[in-house]
Amino acid sequence: MKVITANRLLSGEVVWLGDGGRWVERVTLARIFEGKEAVAEGLAQGMASKDRQEVVDVYELDVTVEGGVIVPVRLREKIRAAGPTIHPDLGKQAQAVTA
Amino acid sequence: MYRYDEFDASFVSQRTEQFKDQVRRRLAGELAEDEFKPLRLMNGLYLQLHAYMLRVAIPYGTLNARQMRKLAYIARTYDKGYGHFTTRQNIQYHWPRLEDTPKILEELAEVEMHAIQTSGNCIRNVTADHFAGAAADEIADPRPYAEILRQWSSLHPEFSFLPRKFKIAITGAPHDRAAVQTHDIGLQLTRNDAGETGFVVFVGGGLGRTPMLARKVRDFLPEEDLLAYSEAILRVYNRYGRRDNKFKARIKILVHETGLEELKADIEQEFEKIRFGVLRLPEEEVHRIEAYFAPPPLEVGAATSAAVDRRRESDAAFAQFVAHNLNAHRVPGYTSVTLSLKPIGGVPGDASAEQMEAIADLAEKYGHDEIRISHEQNVILPHVKLDDLPALFDALVAADIAEGNAGLVTDIIACPGMDYCALATARSIPVAQRISERFGAAERQAEIGEMKIKISGCINACGHHHVGHIGILGLEKKGEEFYQLTLGGSANENASIGEIVGRGFSSDEVVDAVETLIDTYLGLRSGKEETFLEAYRRVGEDPFKEALYGAA
């Protein structure tokens, strides 16, 4: 079970690929890709967006769904999805939940 | 201090314009990311875990109040209100937007600062002793030479695409506070029997995944040969350094694989070709640059201060501060003061915009407008009158930068780690914070005495763990953070690489493990005067190993 992530070119903001090929700023709103082909398709969408100068550093990552919520598997990606653990006042964890 | 001449000013402003245009072309799609990435890196702009990161050069860690205020202004205006001072005497902003960076570089250029060569495979910011120009034990101020090296290495066409990055450090005192032996080139100012100034030259030091101490290649390099000899080293490295494997590309590997004698011969041969050429350093030029670093007018005063003594008796926090955060000044009546960026439980090296502004104000009021950043991630006011210490301390308390812990167990170096860094395999800062809280009591710290704990969040070793008395390396094992401990490292004139003591510890265990090491030291030291490092060197690793893992 995977999601596709990147950073917005202009701001550097961490984003994930959501429904309809739209980038979302919350991992919980990401679209889940299951199976090799689906992931490849998701990556291709991300790379196309990169080619349009919208994002940089496109890659896939493993996630699980816990209580209906998407959670990255690796700590690195958990921190990336939330913000620095030492600064709960900074990053996505400090922002209101919106797409 | 050094002021830009017209050449520097136009060079930096041209570079800023150039980068502005590169960003414009990137946003317009004329440059792809693969083309743009090396360009942004050469201007100090990285992409990290949460955002871009901009690394700004603070040449040899020296700046003035105006520059510090600009750093504060940038933190507040373009970032999230703080900056992070690094082990290379630079400052990093962790949240800038790409579209704002040309403007940030313009702001920096207004105060003669920039981000050039803070990344990329080039000669990086030359670092120096943070007490340069002030320390009582100094032979000469190393900064004029650091500045000469900066001018020589800035956009040096031959050395802009080296096999890998290249770091030079210089110290002017026999007690090495600049960790010169862990640099690609380390320079130690010295005088020969005739009283002439020169350098002991070390080559091939470095930390990272293959830590090595530098090897001495010259006992005495005359001052006039500084640039020609440096150029000879760089030429040999540029020619023979490995480009096939990023992890084997630093000059330390070349020294190791070629052998010191052969490499020395190569350097000397190259040096002979160029030593009498344009790079020969004229004495007048050295004096011209030295004039920029002319010390402020300091009146010789009494070596002790009644005001300090009185306050010390009535104020334990002040007494602790005075006991640990002062460094002997060459002028009686003055001292160099360390402003600790290591509050108990805080983030090592972070300073808020307000703190930066407070530091700028205090530098003007009490410190002849001079500020230094140390590679230990603290701020120094190098020239403070002893009599001003009580008033300075009160102002530091108000700004929350009055921790009297310089050189103690809570004065921890830590890289940003996995809280920010895209390369990290584990977090560093939370470990530093927990250690700081565990040992934060003043009496406990004083009891433990001199102790250097250094923490890196991956094998690249930005947190210098290899040269920590206790080094902590954060790794990932089966999806969990775990921490490997090394003992006995040191970055001073008696440098050594720490040794791994045994299996690593989980995040939950690591602070207890550090406490076990410290308690073991306290139990076996010959007296209060014997530091952790001295005790370790005397008894070896066995007692520590046994305390951590039980008898073999």
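Numbered from 1 within each chain, the chains take letters A, B, ... in sequence-line order. If you're wondering where the values come from, they're calculated on a predicted model, not measured in any experiment. The figures here come from the full heavy-atom set of this structure, side chains too, leaving out hydrogens, waters and symmetry mates.
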For chain A, the option from B/Gln48, B/Arg26, B/His94, B/Glu481 that forms the most heavy-atom pairs under 4.5 Å: B/Arg26
Heavy-atom pairs under 4.5 Å with chain B - which of A/Asp51, A/Val14, A/Ile79 has more of them than the others? A/Ile79
Just by modelled atom types, is the B/Thr425 backbone N or O under 3.5 Å from a matching donor or acceptor in the A/Arg76 side chain? no
Taking non-hydrogen atoms and a cut-off under 4.5 angstrom, which of residues 60-72 of chain A neighbour chain B? none
Could you tell me which portion of B/Ala422 (side chain, backbone, both or neither) has an atom closer than 4.5 angstrom to a non-hydrogen atom of chain A? both
Euclidean distance, B/Glu476 CD relative to A/Arg74 CZ, rounded to 0.5 Å: 4.5 Å
Ranked by heavy-atom pairs below 4.5 Å to chain A, first place among B/Glu99, B/Met418, B/His50 goes to B/His50
Please report the interatomic distance CZ(B/Arg97) to CZ(A/Arg8), rounded to the nearest 0.5 Å. 10.0 Å
Contacting region of B/Glu480 [heavy-atom separation from chain A under 4.5 Å]: neither
Toward chain A, the part of B/Pro416 with a non-hydrogen atom under 4.5 Å: neither
Strictly less than 4.5 Å between heavy atoms, which residues of residues 84-91 of chain A line up against chain B? Please order them by number. A/Pro84, A/Thr85, A/Ile86, A/His87, A/Leu90, A/Gly91
Approximate separation, where rounding is to 0.5 Å, of A/Gln53 CD and B/Arg25 CZ: 12.5 Å
Could you check A/Leu75 against B/Arg427 for side chain to side chain contact (heavy atoms under 4.5 Å, CB included), going step by step and ending with a plain yes or no? CA-CA 10 Å; A/Leu75 177 62; B/Arg427 287 173 291 167; 4.1 Å; yes
Quick one: side chains of residues 339-350 of chain B, donor-acceptor pairs under 3.5 Å with protein atoms, not counting sequence neighbours, listed by atom name and distance.
| unit_1 | atom_1 | unit_2 | atom_2 | d |
| --- | --- | --- | --- | --- |
| B/Ser340 | OG | B/Lys342 | N | 3.0 |
| B/Ser340 | OG | B/Asn405 | OD1 | 2.7 |
| B/Lys342 | NZ | B/Glu376 | O | 2.6 |
| B/Lys342 | NZ | B/Asp411 | OD1 | 2.6 |
| B/Lys342 | NZ | B/Ile412 | O | 3.1 |
| B/Asp350 | OD1 | B/His84 | ND1 | 2.8 |

Heavy-atom count around B/Lys37 NZ within 6.0 Å, excluding the residue itself: above 12? no
If I measure from the heavy atoms of chain A, does B/Glu33 come under 4.5 Å with its side chain, its backbone, both, or neither? side chain
Not counting sequence neighbours, which residues clear side chain to side chain donor-acceptor pair (under 3.5 Å) with A/Glu54? List them please. A/Ser49, A/Arg52
Does any backbone or side-chain atom of B/Leu47 lie under 4.5 Å from a heavy atom of chain A? Answer side chain, backbone, both or neither. side chain
Do B/Tyr52 and A/Val56 have side chains that get closer than 4.5 Å, going by heavy atoms? yes
Side chain from CB out, backbone as N, CA, C, O: work out which of these in B/Tyr82 comes under 4.5 Å of a heavy atom of chain A, or both, or neither. side chain
Side chain, backbone, both or neither of B/Leu31 within contact of chain A (heavy atoms, under 4.5 Å): backbone
With rounding to the nearest 0.5 angstrom, report the CZ to OH distance, A/Arg80 to B/Tyr420. 16.0 Å
